[in-house]
Chemist: 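After the structure tokens below, expect a handful of questions from me.
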Amino acid sequence: MTKRDVLTLLRYAGKEPISGEELSAKIGVSRTAVWKHIQALKEEGYQINAHPGKGYYLLKVPDLLLPAEIQQYLSGGKLGSVIEHHYELNSTNERAKELATEGVPEGVLVVAESQNRGKGRLGRGWFSPEGTGIYLSLIFRPSLTPEKAPGFTLLGAVALARAVLEVTDLKVGIKWPNDLLVEGKKFAGILTEMKGEMDRIHSLILGVGINVNTNPEDFPKEIQGNAISLKTVLGRPVSRVQLIGAYLTVLEELYDEYLESGLEPILKAWKEWNITLGQWITVSSGTEKFYGQAIDLDEKGSLIVKDNHGEIRSFISGEVTLKK
Ligand code: BTN
């Protein structure tokens, strides 16, 4: 914690040097301890200069998803109160599942600068290059039965759409169930995984991948036509830590609302962002493909589709292809 206090004081002082003596008095540790914390911060990538006779000042903050950087944007809620940061992981969802098995509490966040086996929905992968995207997983422990889990994932998508609007002013769309699109291309996806019994959820892992500052030519050829980043749309880079902060804040509000009032308000919010309802679509679920018009969501968040013979089907999971 003290390392974070040193950082907070340096941040607050801006370009004004602050002496080792003042830091040690304010935080209540020895000057040697202050010096050690400064070295540790430097090792994490903070550029801290020492002005002879005057003290330390913060020159540059690294563009990394470090806990102290994210936590600046949080207001002390449950989500993100503990953050585990990795430079590289196979998958943040896999790591979060391990932590959930170890019994960590709800709200623990795992973030990575890159993933070498990022997982997408339906057994696919998720392109996770270093430093330009957000790869995060949150652990939830809701007192819900497993059939409520799909509805929960809609909540994750709504929160992200709202957070993007807040940070960038960009209005994005949600393709059922929880793909986030802008200019007809996908910039973020959500993978929810669950551990539990037939009648009780032990933990839910909400994994989110966001193409934030990825350049178009850096996407693998096979997804270049369908993938986009926020930077490409806006023509400027977006702060990843600010976006994570906004996401966790909105998500916590919506999660509380969900626990209090159920899925209804979440479904209402989801519909405000949806780009699926009203469209003629193909839903692929398992080995089946069904073509029809997406007409509504039911109370569980399943997609209701009606074909041109009037047959109505509902899907709790699946992949939607929008017909142009
Ligand atoms: C999708 O297919 O749309 C879902 C993509 C989810 C990717 C994220 S990245 C962070 C988290 N860890 C993973 O391995 N996958 C999710």
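This is a predicted model, so every value here is computed, not measured.
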Chemist: Going from CD on E94 to NZ on K97, what distance comes out if it is rounded to the nearest 0.5 angstrom?
Modeler: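 Reported to 0.5 Å precision, the distance equals 4.0 Å.
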Chemist: I'd like to know if the side chain of W270 reaches the main chain of P177, judged simply by a donor and an acceptor atom lying under 3.5 Å from each other, with no hydrogens or angles considered.
Modeler: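 Checking the backbone N and O of P177 against the side chain of W270, a donor-acceptor pair under 3.5 Å is found.
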Chemist: According to a hydrophobic-cluster definition based on side-chain heavy atoms being under 4.5 Å apart (Ile, Leu, Val, Met, Phe, Trp, Tyr only), do L234 and I244 belong together?
Modeler: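 Per the 4.5 Å side-chain linkage, L234 and I244 are co-clustered.
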Chemist: Which pair of non-hydrogen atoms, one from L160 and one from A188, has the smallest distance, and what is that distance?
Modeler: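 Looks like CD2-CB, 3.7 Å.
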Chemist: Can you confirm whether L122 sits close enough to E319 that some side-chain heavy atom of one is under 4.5 Å from a side-chain heavy atom of the other?
Modeler: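 Heavy-atom side-chain distance check passes, below 4.5 Å.
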Chemist: As an exercise, state the distance from NZ of K36 to CD1 of I38, rounded to the nearest 0.5 Å.
Modeler: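 Interatomic distance, K36 NZ to I38 CD1, rounded to 0.5 Å: 13.5 Å.
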Chemist: How far apart are the C-alpha atoms of N116 and E88, what are their side-chain angles, what is the distance that settles it, and do they pass the side chain to side chain donor-acceptor pair (under 3.5 Å) test?
Modeler: CA-CA 7 Å; N116 52 43; E88 187 174 15; 3.2 Å; yes
Chemist: How close do T145 and I201 get, heavy atom to heavy atom, and via which atoms?
Modeler: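 Scanning both residues, the minimum pair turns out to be O-CD1, 3.7 Å.
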Chemist: Starting from the C-alpha separation in whole Å, work towards a yes-or-no answer on side chain to side chain donor-acceptor pair (under 3.5 Å) for E84 and H86.
Modeler: CA-CA 7 Å; E84 195 181 275; H86 295 263; 2.5 Å; yes
Chemist: Check whether more than 12 heavy atoms from other residues, nucleotides or ligands sit under 6.0 Å from atom CZ of R11, and answer yes or no.
Modeler: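 Enclosed.
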Chemist: Under 4.0 Å between a side-chain nitrogen and a carboxylate oxygen: does that hold for E16 and K54?
Modeler: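 Looking at E16 and K54, the cut-off is not met.
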Chemist: Answer yes or no: is there a side-chain heavy-atom contact under 4.5 Å between V182 and L170?
Modeler: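 The answer is yes; the side chains approach within 4.5 Å.
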Chemist: Evaluate whether atom CD of E264 has more than 12 neighbouring non-hydrogen atoms of other residues, nucleotides or ligands under 6.0 angstrom away.
Modeler: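 Result for CD/E264: open.
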Chemist: Tell me whether the rings of F315 and F290 are parallel (<30°), tilted (30 to 60°) or perpendicular (>60°).
Modeler: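 Answer is tilted, since the angle falls between 30° and 60°.
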Chemist: Any non-hydrogen side-chain atom of L7 less than 4.5 Å from a side-chain atom of L58?
Modeler: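 With C-beta onward as the side chain, the pair touches.
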Chemist: Is it true that a side-chain atom of K300 and a backbone atom of K148 form a donor plus acceptor pair closer than 3.5 Å?
Modeler: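 Absent.
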Chemist: Any heavy-atom pair between the side chains of E183 and V233 that's under 4.5 Å?
Modeler: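 Side chain of V233 against side chain of E183, heavy atoms only: contact under 4.5 Å found.
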Chemist: Looking at every non-hydrogen atom in both residues, tell me the closest pair between Q115 and S128 and how far apart they are.
Modeler: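 Heavy atoms of Q115 and S128 come nearest at NE2-OG, 2.9 Å.
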Chemist: Kindly compute the distance separating OG1 (T2) from CD1 (I27), expressed to the nearest 0.5 Å.
Modeler: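 If I round to the nearest 0.5 Å, the distance is 7.0 Å.
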Chemist: Assess whether atom NZ of K186 is packed by more than 12 heavy atoms of other residues, nucleotides or ligands within 6.0 Å.
Modeler: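 More than 12 within 6.0 Å, yes.
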Chemist: Using the salt bridge (charged side-chain N to carboxylate O under 4.0 Å, His left out) definition, which of the options E130, E69, E113 pairs with R240?
Modeler: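 Answer after filtering E130, E69, E113: E113.
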Chemist: In terms of ring plane angle, is the pair W280 and Y291 parallel, tilted or perpendicular, where the classes change at 30° and 60°?
Modeler: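 Tilted: the ring planes of W280 and Y291 meet at 30° to 60°.
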Chemist: Does Q47 form a side chain to side chain donor-acceptor pair (under 3.5 Å) with Y57? I'd like the steps, not just the answer.
Modeler: CA-CA 9 Å; Q47 278 184 37; Y57 62 97; over 6 Å; no
Chemist: Relative to each other, are the rings of Y255 and F140 parallel, tilted or perpendicular (30° and 60° limits)?
Modeler: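 Correct class here is perpendicular.
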Chemist: What pair of heavy atoms forms the shortest contact from R31 to S24, and how long is it?
Modeler: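 Smallest interatomic distance, heavy atoms only, reads CG-OG, 3.6 Å.
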Chemist: Quick check: do L191 and E193 have side-chain heavy atoms less than 4.5 Å from each other?
Modeler: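 Of all side-chain heavy-atom pairs linking E193 with L191, at least one is under 4.5 Å.
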Chemist: Measure the OG-CG distance between S239 and N213 for me, rounded to the nearest 0.5 Å.
Modeler: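 Answer rounded to 0.5 Å: 8.5 Å.
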Chemist: Does the S137 side chain pair with the main chain of G207, one donor and one acceptor, at a distance under 3.5 Å?
Modeler: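 Judged by distance alone, no pair lies under 3.5 Å.
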Chemist: When you group the ILVMFWY residues by side-chain heavy-atom contacts below 4.5 Å and let the links chain together, are L259 and L154 in the same group?
Modeler: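 Per the 4.5 Å side-chain linkage, L154 and L259 are co-clustered.
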Chemist: Heavy atoms, side chains only, cut-off 4.5 Å: are L248 and L109 in contact?
Modeler: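 Yes; the side chains approach each other to less than 4.5 Å.
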Chemist: Would you kindly confirm whether V111 and V104 end up in one hydrophobic cluster when ILVMFWY residues are joined by side chain heavy atoms under 4.5 Å apart?
Modeler: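 No.
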Chemist: Can you list every pair that meets salt bridge (Lys or Arg N to Asp or Glu O under 4.0 Å) and has a residue in residues 272-288, with sequence neighbours left out?
Modeler: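 Every pair satisfying salt bridge (Lys or Arg N to Asp or Glu O under 4.0 Å) with a residue in residues 272-288: E288-R313.
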Chemist: Quick one: does any side-chain atom of Y247 pair with a main-chain N or O of G156 as donor and acceptor, under 3.5 Å?
Modeler: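 Yes: the side chain of Y247 pairs with the backbone of G156.
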Chemist: Going hydrophobic residue to hydrophobic residue with side-chain gaps under 4.5 angstrom, can you get from I174 over to L165?
Modeler: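 Yes: a chain of side-chain contacts under 4.5 Å links I174 to L165.
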Chemist: Do you know which of L9, V6, L10 makes side-chain contact (heavy atoms from CB on, under 4.5 Å) with Y56?
Modeler: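 Option passing the side-chain contact (heavy atoms from CB on, under 4.5 Å) with Y56: L10.
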Chemist: If the threshold is 4.0 Å, N to carboxylate O, is there a salt bridge linking R162 and E166?
Modeler: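 Answer for the salt bridge query: no.
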Chemist: Between L277 and K271, what is the shortest heavy-atom contact and its length?
Modeler: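 That closest heavy-atom pairing would be CD1-CG, 4.0 Å.
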Chemist: For residues I190 and L206, determine if any side-chain heavy atom of one lies less than 4.5 Å from a side-chain heavy atom of the other.
Modeler: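 Answer yes - side chains close enough.
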Chemist: Given the rule that I, L, V, M, F, W and Y join up when any side-chain heavy atoms are under 4.5 Å apart, are I316 and L267 in one cluster?
Modeler: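 Per the 4.5 Å side-chain linkage, I316 and L267 are not co-clustered.
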Chemist: Considering non-hydrogen atoms only, spot the tightest contact between I139 and I205 and give its length.
Modeler: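 In this case the closest contact between I139 and I205 is CG1-CD1, 3.8 Å.
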Chemist: Which residues pass the side-chain contact (heavy atoms from CB on, under 4.5 Å) test with Q71, not counting sequence neighbours?
Modeler: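 Q71 satisfies side-chain contact (heavy atoms from CB on, under 4.5 Å) with R4, P67, L74, I83 only.
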Chemist: Give a yes or no on this: more than 12 heavy atoms of other residues, nucleotides or ligands lie within 6.0 Å of atom NZ of K42.
Modeler: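 Counting neighbours around NZ of K42, more than 12 heavy atoms of other residues, nucleotides or ligands fall under 6.0 Å, so yes.
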Chemist: Out of curiosity, H85 NE2 to E44 CD, how far, rounded to the nearest 0.5 Å?
Modeler: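 Between atom NE2 of H85 and atom CD of E44 there are 8.5 Å.
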Chemist: Below 4.5 Å, heavy atoms only, C-beta onward: do N215 and K231 meet side chain to side chain?
Modeler: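 They are in contact (side-chain heavy atoms under 4.5 Å apart), so the answer is yes.
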Chemist: Are K171 and W273 in a cation-pi setup, meaning NZ or CZ lies under 6.0 angstrom from the ring centre and within 45 degrees of the ring axis?
Modeler: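 So K171 does make the cation-pi contact.
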